[in-house]
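A short write-up of the structure that comes next.
In the text below, chain A, chain B and the rest are named by the order of the sequence lines, each starting its count at 1.
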Amino acid sequence: MINIIREKIFESIKAQGLKPPAKSKINVEYPKLQKFGDYSSNVALSLAKKYKKKPMLLARKIAQNISMDALFKSVSAEKPGFVNFQISRMHLMKFLPKIVEQEDKFGSDMEKGKGKKILLEFVSANPTGPLNIVNARAASVGDSLANILSFLGYKVEKEFLINDAGNQVDLLIKSIEFELNILGHREIEEFEGRYLGDYVQKLAKKFLSEETILVFQVPYKERLQKLREFALNEIISNQRFTLKLFNVCFDNWISEQELRDRGCIEDALTYLAETENTYDKDGAVWFCSSKFGDEKDRVIMKTDGGITYLVPDLAYHITKYKRGYHKIIDIFGPDHHGYTPRLKAGIAALGFNPKLLSFILLQQVSLIYENEKVKMSKRRGKIITLQQLIDEVGTDVARFFFLMRKLNTPLDFDIHLAKEKSNENPVYYVQYAHARICSILQNANKKRLRLRSFRPRYLNRLRFEEELDIIRHLYKFPELILHIGKNYDLNLMTKYLTDLAALFHSYYQKVRIISPKTKELSLARLFLCKTIKITIHNGLNLLGVSAPKKM
RNA sequence: GCGCCAGUAGCUCAGUCGGAUAGAGCAACGGCCUUCUAAGCCGUAGGUCAGAGGUUCGAAUCCUCUCUGGCGUACCA
């Protein structure tokens, strides 16, 4: 609708012999107050100066030219110079049957992203322990965004990079070896950076029990290798399992080790050197990322001959580019905020288009435990895991909760509050609306009131303002999805659903849906309920939250 | 020091591209179940949008400065 209105305004300005602005520059928005209509535009205000006309007069002219259109009940000019549009009742009523026709597809627009491939990388946690709360936020955001983009016709691939090579994993393996030695009553020295979580001990125990007695008889190096395979396998499958419980499935799991084995690292280093973007200094090799917008140059090969993380990550991103996506999105946690410029610099230096790559930067999640913020550290073993979160509040609540806030604001997650208040939770509020409708529909069925016998003309019986308000809200759903697909404002979906549920609950309280004496009215209301149900279902579904039929 | 993100009701937060009278939920207070699910509804109260300037028809939103908080600022990943 927004585009239609833009079009109409465009034509209207043209009809006045004025040169209209680009259609995309015509601002159409939802007014805050009902009395200003369903849509509103400020073109007259913003263009008044350019045309040397009074805003109000201009607004009136624009409105006049459009006002005869059957789409609108009214098009009017208001106070300072807004043009306000009210959608006609007829148009709204014609819209409802489309929702039922489209059912699961309502809200989607497969043309939007047709033929375009998007790669979405998220979570990509180190395989050094269970997934934590920040990973959970990333999982929630990434998966829901993927759903919405797919709903818009993009071909989306969800990807998880396993950082199974490098320092942190080495430390983890040594930490398990440490526990192993304790279990075997052997002497072992403490070392810097040892992982302390419970799971380290558990892994050691499990390793012992599964590998039987041979563990200490094989040479150190071989044992470490076996341990490595074992531990990575355990941890990664555990992460996968938990993600599945969280309703998140990845299309691709990429192993960093594999990338290294394939020689991608060397390739990346060679490319960088060939393009003359590296130099030696202080015994290390540097990448002059500052030439590409980074604030300073970065070391890529350390004095000890090892590479820094940028290199494998760059190598990995090269493979992304080579796979030919139209858009590459990385979702990063708060610890990577300073990292993105150098990655982009690397991409640019290698001759790829950095504009294809965009970042979603999540802010921190702090856990509130008994009114105190818990600082998490994976190595010290102080973490709240995703698994625990699922156990305590459930997947639905957790996923919805993470999406209720803007992505770039820090999130305080009070675990007790989320648990205690689960009855008052917005998730339940929305789900309850869905369940209620299911129940009503069932009830109607029992009373032999079949939607089959519904006819569109019955909708004329809907005479309450509440009913129109609901339809207006439903009308916005497809536009909302387009908006989120563009701006990634996932929190707007939770807001939308909460608002829709509120409209319904209030309506339900006021009106009896099924009344045996008025069959046509009842059917019209049932039909309306069904469209609400479909919309809530689709919305929740996109967020990875279930829409229960009973509660 | 520099960079990023934030500061809106007692608490947690919305507020879409700068729009018209600032919005929810929780907590508080007062009502509503013989009727399709009370996990619900209706009402009351609660605000110097951190502060000061600026930009303009119009600012919570944009710019500058100040204050407060978080994070980043590695030859970690």
### Selection: residues 282-291 of chain A, any non-hydrogen atom under 4.0 Å of RNA chain B
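Heavy-atom cutoff 4.0 Å gives A:Asp282, A:Ala284.
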Can you name the residues that form a side chain to side chain donor-acceptor pair (under 3.5 Å) with [X], not counting sequence neighbours?
X	result
A:Tyr508	none
A:Asp261	A:Gln257
A:Lys530	none
A:Gln363	none

Expressed in angstrom and rounded to an integer, what is the separation of [X] atom [atom1] from [N] atom [atom2]?
X	N	atom1	atom2	value
A:Phe400	B:rA39	CZ	P	18 Å
A:Arg342	B:rC4	CZ	P	16 Å
A:Arg436	B:rU37	CZ	P	8 Å
A:Asp499	B:rG15	CG	C1'	11 Å
A:His336	B:rA74	NE2	C1'	13 Å
A:Met301	B:rC76	CE	P	13 Å
A:Phe401	B:rA24	CZ	P	20 Å
A:Asp294	B:rU73	CG	P	12 Å

[X] has a side chain; which of [options] sits nearest to it?
X	options	result
A:Tyr309	B:rG15, B:rA77, B:rU37	B:rA77
A:Gln364	B:rA77, B:rA74, B:rG70	B:rG70
A:Tyr429	B:rU37, B:rG40, B:rA77	B:rG40
A:Asn167	B:rG40, B:rC76, B:rC36	B:rC76

Is there a donor-acceptor pair closer than 3.5 Å between any side-chain N or O of [X] and the backbone N or O of [Y]?
X	Y	value
A:Ser289	A:Lys296	yes
A:Gln431	A:Ser546	yes
A:Thr498	A:Thr494	yes
A:Ser506	A:Ala502	no
A:Asp164	A:Glu256	yes
A:Ser41	A:Val43	yes

### Task
Identify, with sequence neighbours excluded, every residue that meets side-chain contact (heavy atoms from CB on, under 4.5 Å) alongside A:Thr340.
A:Phe332, A:Phe359, A:Leu361
### A:Gln34: side-chain contact (heavy atoms from CB on, under 4.5 Å) partners, not counting sequence neighbours
A:Asp38, A:Asp469, A:Arg472
[N] OP1/OP2 closer than 4.0 Å to side-chain N/O of [X]:
X	N	result
A:Ser506	B:rC42	yes
A:Tyr508	B:rA38	yes
A:Arg525	B:rC36	no

Thinking salt bridges, do [X] and [Y] make one under a 4.0 Å N-O criterion?
X	Y	value
A:Asp170	A:Arg228	yes
A:Lys320	A:Asp330	yes
A:Glu467	A:Arg463	no

### Query
So, is B:rC33 syn or anti if syn means the angle is within 90° of 0?
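This nucleotide is in syn.
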#### Entry: Glycosidic class, syn or anti, of B:rC42 using a 90° window around 0
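Anti conformation here, the glycosidic angle of B:rC42 being more than 90° from 0.
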How far, in whole Å, is [M] from [N] if one measures between their [atom1] atoms?
N	M	atom1	answer
B:rA50	B:rG69	C1'	11 Å
B:rC75	B:rC71	C1'	23 Å
B:rC49	B:rA24	C1'	16 Å
B:rG25	B:rC42	P	9 Å
B:rU16	B:rC11	C1'	26 Å
B:rU44	B:rA6	P	34 Å
B:rU56	B:rA14	P	31 Å
B:rU21	B:rC67	C1'	31 Å

Strictly under 3.5 Å: I want the nitrogen or oxygen pairs between protein and nucleotides 31-33 of chain B, one per line.
none

### Task
Assess whether atom NZ of A:Lys302 is packed by more than 12 heavy atoms of other residues, nucleotides or ligands within 6.0 Å.
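Check passes, neighbour count above 12.
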### Task
For A:Lys549 and for A:Ala502, locate the closest nucleotide of RNA chain B by heavy-atom distance; then report the residue assigned to the nucleotide nearer the 5' terminus.
A:Lys549
### Task
Identify, between A:Gly166 and A:Ile514, the residue whose nearest nucleotide on RNA chain B lies closer to the 5' end.
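The residue mapped nearer the 5' terminus is A:Ile514.
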Sugar-phosphate, base or nothing in reach of [X], heavy atoms under 4.0 Å:
X	value
A:Ala444	nothing
A:Val511	base
A:Lys510	nothing

Below 3.5 Å between N/O atoms, which protein atoms pair up with nucleotides 5-12 of chain B? Just atom names and distances, please.
residue	atom	partner	partner atom	Å
B:rC5	O2'	A:Asn408	O	2.7
B:rU12	O2'	A:Arg405	NH2	2.4

### Task
Identify, with sequence neighbours excluded, every residue that meets ring pair (Phe, Tyr, Trp, His ring centres under 6.0 Å) alongside A:Tyr488.
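Per chain and number, A:Tyr488 pairs via ring pair (Phe, Tyr, Trp, His ring centres under 6.0 Å) with no residue.
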#### Entry: Reported NE2-to-NZ distance for the pair A:His483 and A:Lys476, which is rounded to 0.5 angstrom
13.0 Å
### Face-to-face stacking of A:Tyr428 with B:rA39, centres under 5.5 angstrom, angle under 30°
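Yes; centroid distance and tilt both under limits.
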### Message
For A:Tyr496 and A:His473, take the angle between the two ring planes, folded into 0 to 90°, and tell me which bin it lands in: parallel under 30, tilted 30 to 60, perpendicular over 60.
### Response
parallel
### Under 4.0 Å protein heavy-atom contacts per nucleotide of nucleotides 16-22 of chain B, with B for base, S for backbone only and - for none
BB-BBB-
### Message
For RNA chain B, please output the secondary structure as dot-bracket, reading 5' to 3'. Pairs are Watson-Crick or G-U wobble, both atom distances under 3.5 Å; mark crossing pairs with [ ], other-strand partners with |, unpaired with a dot.
### Response
(((((((..((((.....[...)))).(((((.......))))).....(((((..]....))))))))))))....
